[in-house]
Amino acid sequence: MNPPEILKSGVSGPAKVQSPEANRPRHLLSIAELSSDDIIRLLDSARSFAEVSKRPVKKVPALRGKTIVNMFIEPSTRTRMSFELAAKRLSADVVSFTPSGSSLSKGESLKDTAKTIVAMGVDAVVIRHSSAGAPKLLTEWVDCSVINAGDGMHEHPTQALLDLFTMRERLGRLEGLKVAIVGDIDHSRVARSNILALNKVGARVLLVAPRSLLPDRVEEMGVEVTGSIDEALRWCDVLYLLRIQLERVSESRFPSLREYTLQYGLTQTRWSRLKRKPLVMHPGPMNRGVEIASVVADEVEPVITGQVAAGVAVRMAVLYELLGGST
Amino acid sequence: MNANNLNMRDRNILIKKGRIYTPEEGISSERDVLIQEGIIRRIDKGIKPGKAYVLDAQDCIISPGFVDMHVHFREPGMEYKEDIGSGSCAAVSGGYVAVFCMPNTDPPIDNASVAEYVYDRGVDEGLCMVLPHGAITQGRIGKALAPMGEMGSCRAMVRGFSDDGSTVTDSEIMRRAMEYAKTMDSLIISHCEDVSLNAGGQMNEGFYSTLLGLRGIPPEAEEIGVFRDICLAEKTDAELHVAHVSTAKTVKLLREAKKRGLKVTCEATPHHFTLDDSYLVSYDTNLKVNPPLRSRADVEAILAGLSDGTIDVISTDHAPHALHEKETEFDRAEFGMVGLETCLALVVTVLVENGVFSLEQALEKMTLAPSRIMRLERFGYKPEITEGTPANITVFNSDLEWVVDPLRFRSRSKNSPFGGWKVKGKVIHTIFNGSIVLEDMQVSPAGD
């Protein structure tokens, strides 16, 4: 069927010759599909966007006229706000979709919901979902860019990018950096994305957890594993703590929060004993008194809030890379 | 049977110029097969057609009709996925003349009425034998034994009992089920799984589940179940058939059990000998099956088990699901894939072409072995092409290349991960009980 004349006139002008490749929307689904060059380029770009957030007028017109939908099927505060601010600072229009009270809560499928939203003329969907692979499936259903803001236990690529950004800004390099990731690796999309990203840029990764919190054959992802946080503390340049959830106790992953803190917590005793203190990072929200003692948390707080600030810059870089420059 | 069907049966059929496979003698040189009144009357070279209807079998193999011990036809209760009509069409398109339906229907096949309903619906459709397996326990909930004796003596003559889809978790109930089944001369078909080990599991536990962040189903969940059931079969001297073998250790356990002389048989599906868990990186929900696609090492072990005879039977575990049950988040999608219309092609392409074993060995696992385990002679089926045998025949071309297109499946459901695969081997004609039910790859309504 031909479009009505009135619409045709809107696209008058010289015919553009573009390959189908060039027209295809671009996505950020995982760190796994990025090259180390891609990662470094995004980090470099984020550095220039970080400067925008420090201006009195925190806005550039890079994505003016673009529409971005935040589709957070799983609750989130910081990632969602971070994406929203990133989009707004690039002058894009942002719409938020929440599942409660929506067609999804009435039993509509994700496919139908997404198609409906995208039919309204959307350039990108930022999706957070409790099901691994949901962003990937979305790319088969909709004709716009898809950005993974965390899918189940799979990946959280922008989190890894902001973590690498923070490490690079604070320590001046990534290659050869020794990073220990402590905690519930099995359930952590943050850990998976960080392992992949750190490997790609030439950092070394040590996982610190009891075997019951590690996924099967995780060593094949190119990491080393230890059961001792004290060993890790002696070795690492960066200590990356993951959030521990009480429900893992009922799954028999470890005996109790108290036992976890004794074995794997960054306690005041462990911290004060250290002569050379590593950079301590946490994706938030922290469980003070569980994976990190409150006093230590206060001491390392500038780094952790620095991660949050980096999040906006990194997400600006991602949105700009996927949506910018095409008009 | 309607009047047309009887006319059809009366019609004489001459299958021209095919090579005949029989389990006894392998594959012959070119022959013609003359069928009169439903019975194979003459096998020779250059038979004159006379008034007989001629089916061309040039470049084809004439085999005893295929038998599938493990399908889900969803009737009664889930006809939107498949029913006995659409399932029968899929079956004969894949060369099957007899299929055994698992009892996880709604209501389940746990009594003679439902068993006879399924059996009679198959007769009504008239395309192939649709035979029910019965549930081991009432309601398939693992609490109390279902009436195996009554189901065994009803019209459907149920011999196989399975709670497939679920496992009988209580070992005491499984023990008593085996003892009772032995007395009734029945077969226990076990879906072996320690469900406590795979809570929420979506795919094989291994490197790929770690990479993809999907909850894993460890191979041990199956192996513990297999080991328990082998122990119980040894204790009770019951006949045990292990459904859909998926792991290397399961193959090993079964190999050892057979060496000890237990009455144990087992099956593998085309997807478990074709695909490993690395395919899951696409998050294609059509790859979501239970038991899950395992590692490459497990696939190799299954191929070895097929080759050395540990694995007796190739079954499809044909499990239709509607589009909306698969076009969804991976962890919300249903388990299962359809298989009737791609089985032969995968057997030829993956097993025969790759030299795992000969076409003859493969055909034995789709004809002789399942018919012997299920005692199909009770229904007039014999896994042979010999004079005087009822004509249940599959004619296929093992060299014909084609591209799988699930939209062209006769099954009501299209949940196959093999769409776009270039494969070799296609069923051309199927003859059931002397009637042509598939001619030139087209299903003929019974009696045409």
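In the text below, chain A, chain B and the rest are named by the order of the sequence lines, each starting its count at 1. A quick note: this is a predicted structure, and the numbers were derived from the prediction, not measured. What you see below is based on every heavy atom in this structure, not just the backbone, and it leaves out hydrogens, waters and symmetry mates.
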Engaged part of B:Thr210 at the chain A interface, taking heavy atoms whose separation is under 4.5 Å
both

Apply side chain to side chain donor-acceptor pair (under 3.5 Å) to B:Arg255 and list each qualifying residue two or more places apart in sequence or on a separate chain.
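With neighbours one apart ignored, the set is B:Asp308, B:Thr310.
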
With sequence neighbours excluded, residues passing side chain to side chain donor-acceptor pair (under 3.5 Å) with B:Glu79
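Scan of B:Glu79 (side chain to side chain donor-acceptor pair (under 3.5 Å), adjacent residues dropped) gives none.
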
Does atom [atom1] of [X] have more than 12 heavy-atom neighbours, drawn from other residues, nucleotides or ligands, at distances under 6.0 Å?
X	atom1	answer
B:Phe207	CZ	yes
B:Arg408	CZ	no
A:Glu224	CD	no
A:Lys178	NZ	yes

Heavy-atom pair of closest approach, residues B:Gly213 and A:Ala132
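Smallest interatomic distance, heavy atoms only, reads O-CB, 3.5 Å.
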
Can you list the residues of residues 185-196 of chain A that sit under 4.5 Å from chain B, counting heavy atoms only?
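A:His187, A:Arg192, A:Leu196, listed by number.
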
Measuring from [X]:[atom1] to [Y]:[atom2], what's the distance to the nearest 0.5 Å?
X	Y	atom1	atom2	answer
A:His154	B:Phe330	NE2	CZ	12.0 Å
A:Lys136	B:Tyr283	NZ	OH	9.0 Å
B:Leu211	A:Asp216	CG	CG	12.5 Å
A:Met153	B:Leu212	CE	CG	10.0 Å
B:Tyr208	A:Glu220	OH	CD	9.0 Å

Which pairs pass salt bridge (charged side-chain N to carboxylate O under 4.0 Å, His left out) with one or both residues in residues 318-331 of chain B, sequence neighbours excluded?
A:Lys111-B:Glu327, B:Lys81-B:Glu325, B:Glu329-B:Arg332

Mind ranking A:Gly133, A:Ser130, A:Ala32 by heavy-atom pairs under 4.5 Å with chain B and telling me who comes out on top?
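Result: the option with the highest number of such pairs is A:Gly133.
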
